[in-house]
Every structure is written in structure tokens, then in C-alpha cells.
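Scroll down for the structure; my scribbles are underneath it.
These numbers come from the heavy atoms of this one structure, side chains and all, not from hydrogens, waters or symmetry mates.
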Amino acid sequence: MNKKILIVDDEKEIVDLLEVYLSNDGYSVYKCYNRLEAMKCIKQSQIDLAILDIMLPDIDGFRLCQKIREKFYFPIIMLTAKIEDSDKIMGLTIGADDYITKPFNPLEVVARVKTQLRRYQSYNSPNLSQSEEKDEYDIRGLLINRVSHKCYLYGKEIALTPLEFSILWYLCEHQGKVVASEELFEAVWKEKYLRNSNNTVMAHIGRLREKLNEPSKNPKFIKTVWGVGYEIE
């Protein structure tokens, strides 16, 4: 059965754009432009995920998110032109699952939707053991699978060397943790970390970022923690 995606935004162009991309991916899209329409749709339809704009004409997205969370637990992605960290923290604190700033790549939104639906399904599946070793990670549209040994960014395959794949897999496996350069080198290269080993790690991280189209100053995926190592949040 097609998953039902609710989009709540007073900018019709954005709603229509997202509808095209989500519908092309097989989702059923419900479009609303204010709080009243959104709450009515949620009560009448079994929504699987909602995308909420923060700036709505009759309520802000934070309050709408809180209202939804009183009774419903499907994933919520906040969509906004604001970029302040405080707004992101606010959204995640009140029950949002993800946060996307405008302007955005529609393919990234679709990838985020897929990620949240997978997480929600896995979390609510009684047959999935928490101790099972993962074969795949999907982090904000970056999908890596160690069985097929393939990596995708927003649905497009990225060609990685075996070393690059191993580096990225190790970082994804330790998502949310800062991995020291020494630890990364010895885990991937299986050699003792020496003085010039850090240059080797840096060079491979640099090539990985190029393939992921990462901006040098503010990378979205592989972040540098100066003097320590690297992290995928």
C-alpha cells in the first residue's frame, strides 16, 4: 500500500513541487495550506509522514507539531527558511524527526522521507532484533550497503574505491561519535598508525567529500573535529 505523505505549507509552488517528486516515487500526497486543513486531514486519513512548514498563516509549525504529537506518532519533517540552530533544536525537542531548510533539493526531501519511514517501520517492527548487525545505513539521503558494496547519494550511485567505502562505512557505523584519525586508520588500513598516517586519512577524506559534493567550509555529512578526527552526525 502506498505511504501517505502530508505536506503543510502556505506556498503553493513548494507544495506542488514536492507533490511531483513524491508522487513520482510512489507516495500518495495530501496537500494542506493551514492548521485547520492539516488537522482535518490527519484525523480523516492514516497519514504515514508529515512535512510541516514553520511559517503558516494561522499557526507556526512548532505549535502544529506539538498539537499533532498529542495523539499521533508518525514521522514529522520540519521545513523552513530559518537557519538558526536554536530553531532546529526547538523543532527536534518538541517532537520533529528531521529538519530541512529552504531552498532545498527536492531529491534530498524524498531521500529524507524514505529514511524516516524506514526508521519508523524498523522501530515498530517486533521481528527486528536490536542486536542484529546492520547491513545498510541511510543517513539523510546517503545510503550505503555493505552487502552490495554500493553507495547512493539522493538515489544516484557514487563510485567508491574499496578504501573509500570502508572509511565511509566505518564512520556511518559510528554515527554520532567522533572517530579519531588513529582509530580510523588502524580500523580501515589494518596497520599501525604512524606520524604520516594522518595525511593519508586526510587525503582519502578529501576525495570522499569531493564525490559526495561536500562544501569545504560546511560539509553536510563528514565533519572534521579539529585535533581529534571525523564525525557523521
Side-chain angles (χ1 to χ4, degrees), residues 77-78 83-93 96-101 104-105 107-112 114-116 118-119 122-123 128-233:
I77 298 175
M78 304 299 290
I83 59 174
E84 290 84 356
D85 286 341
S86 59
D87 293 312
K88 180 176 180 180
I89 293 171
M90 169 68 78
L92 298 176
T93 301
D97 298 278
D98 204 352
Y99 197 97
I100 300 175
T101 55
F104 55 80
N105 181 339
L107 292 175
E108 179 180 356
V109 177
V110 174
R112 300 278 192 100
K114 290 180 179 178
T115 298
Q116 292 303 325
R118 282 197 194 100
R119 288 177 179 171
S122 296
Y123 182 80
L128 182 63
S129 170
Q130 294 296 323
S131 62
E132 287 182 2
E133 195 172 21
K134 295 186 68 170
D135 290 322
E136 182 177 277
Y137 288 93
D138 189 341
I139 301 173
R140 301 186 302 279
L142 174 63
L143 178 69
I144 183 168
N145 188 299
R146 69 173 177 178
V147 175
S148 63
H149 219 265
K150 290 185 177 182
C151 177
Y152 299 86
L153 181 62
Y154 308 140
K156 182 179 179 180
E157 185 173 355
I158 306 297
L160 300 180
T161 66
L163 268 176
E164 290 167 349
F165 185 93
S166 297
I167 292 169
L168 187 58
W169 177 264
Y170 194 84
L171 291 174
C172 289
E173 199 173 26
H174 295 80
Q175 181 185 3
K177 172 190 173 184
V178 179
V179 177
S181 298
E182 180 177 353
E183 176 187 346
L184 183 60
F185 182 84
E186 294 187 352
V188 173
W189 275 266
K190 309 296 184 185
E191 298 176 8
K192 184 66 178 176
Y193 184 85
L194 302 174
R195 180 179 299 178
N196 64 343
S197 299
N198 188 49
N199 294 334
T200 302
V201 174
M202 288 176 61
H204 280 80
I205 291 290
R207 284 196 287 271
L208 260 177
R209 283 174 171 160
E210 287 180 10
K211 292 184 176 183
L212 296 175
N213 297 316
E214 291 267 63
S216 57
K217 291 186 177 180
N218 187 28
K220 179 174 291 187
F221 295 106
I222 304 175
K223 299 183 181 296
T224 299
V225 180
W226 295 109
V228 183
Y230 305 93
E231 177 187 21
I232 289 184
E233 295 180 334

Verify side chain to side chain contact (heavy atoms under 4.5 Å, CB included) between Leu171 and Ile205, making sure each step is shown before the conclusion. CA-CA 11 Å; Leu171 291 174; Ile205 291 290; 4.2 Å; yes
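With rounding to the nearest 0.5 angstrom, the CG atom of Leu212 is 13.5 Å from the CZ atom of Arg207. Atoms NE2 and OG, on His149 and Ser166 in that order, are 5.5 Å from each other to the nearest 0.5 Å. Rounded to the nearest 0.5 Å, atoms OG1 (Thr161) and CG (Leu208) are 7.5 Å apart. Rounded to the nearest 0.5 Å, atoms SG (Cys151) and CD1 (Ile158) are 6.0 Å apart. Here CD of Glu182 is found 9.5 Å from CG of Leu194. Values are rounded to the nearest 0.5 Å. Note that the CD atom of Gln116 and the CG atom of Asp97 stand 5.0 Å from one another [nearest 0.5 Å].
For the pair Glu183 and Tyr230, the minimum side-chain heavy-atom distance is 4.5 Å or more. For the pair Leu142 and Leu168, the minimum side-chain heavy-atom distance is below 4.5 Å. Counting only heavy atoms from C-beta outward, the side chains of Leu143 and Glu136 approach each other to under 4.5 Å. Side-chain contact between Ile232 and Val179 is absent, with no heavy-atom pair separated by less than 4.5 Å.
Here Glu157 pairs with Lys150, Tyr152 under the side chain to side chain contact (heavy atoms under 4.5 Å, CB included) rule; sequence neighbours left out. For Lys211, the side-chain hydrogen bond (donor to acceptor under 3.5 Å, both in side chains) partners two or more places apart in sequence, or in a different chain, are Glu164. Partners of Tyr170 by ring pair (Phe, Tyr, Trp, His ring centres under 6.0 Å), not counting sequence neighbours, listed by chain and number: His174. Checked against ring pair (Phe, Tyr, Trp, His ring centres under 6.0 Å), Tyr137 has the following partners two or more places apart in sequence or in another chain: Trp169.
Closest heavy-atom contact between Glu233 and Ile139: O-CG2, 4.0 Å. Between Ile144 and Cys172, the shortest heavy-atom contact is CG2-SG, 4.0 Å.
Between the side chain of Arg112 and the backbone N or O of Tyr99, at least one donor-acceptor pair lies under 3.5 Å. No donor-acceptor pair under 3.5 Å is formed between the side chain of Arg140 and the backbone N or O of Asp98.
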Just distance, no hydrogens or angles: give the donor-acceptor pairs under 3.5 Å from side chains in residues 184-193, sequence neighbours left out.
from: Glu186; atom 1: OE2; to: Tyr193; atom 2: N; distance (Å): 3.1
from: Lys190; atom 1: NZ; to: Ala187; atom 2: O; distance (Å): 3.0

For residues 218-229, which side-chain N or O atoms pair as donor and acceptor with protein atoms under 3.5 Å away, sequence neighbours left out?
from: Lys220; atom 1: NZ; to: Glu108; atom 2: OE1; distance (Å): 3.0
from: Lys220; atom 1: NZ; to: Glu108; atom 2: OE2; distance (Å): 2.9
from: Lys223; atom 1: NZ; to: Pro219; atom 2: O; distance (Å): 2.8
from: Thr224; atom 1: OG1; to: Arg209; atom 2: NH1; distance (Å): 3.4
from: Thr224; atom 1: OG1; to: Arg209; atom 2: NH2; distance (Å): 2.7

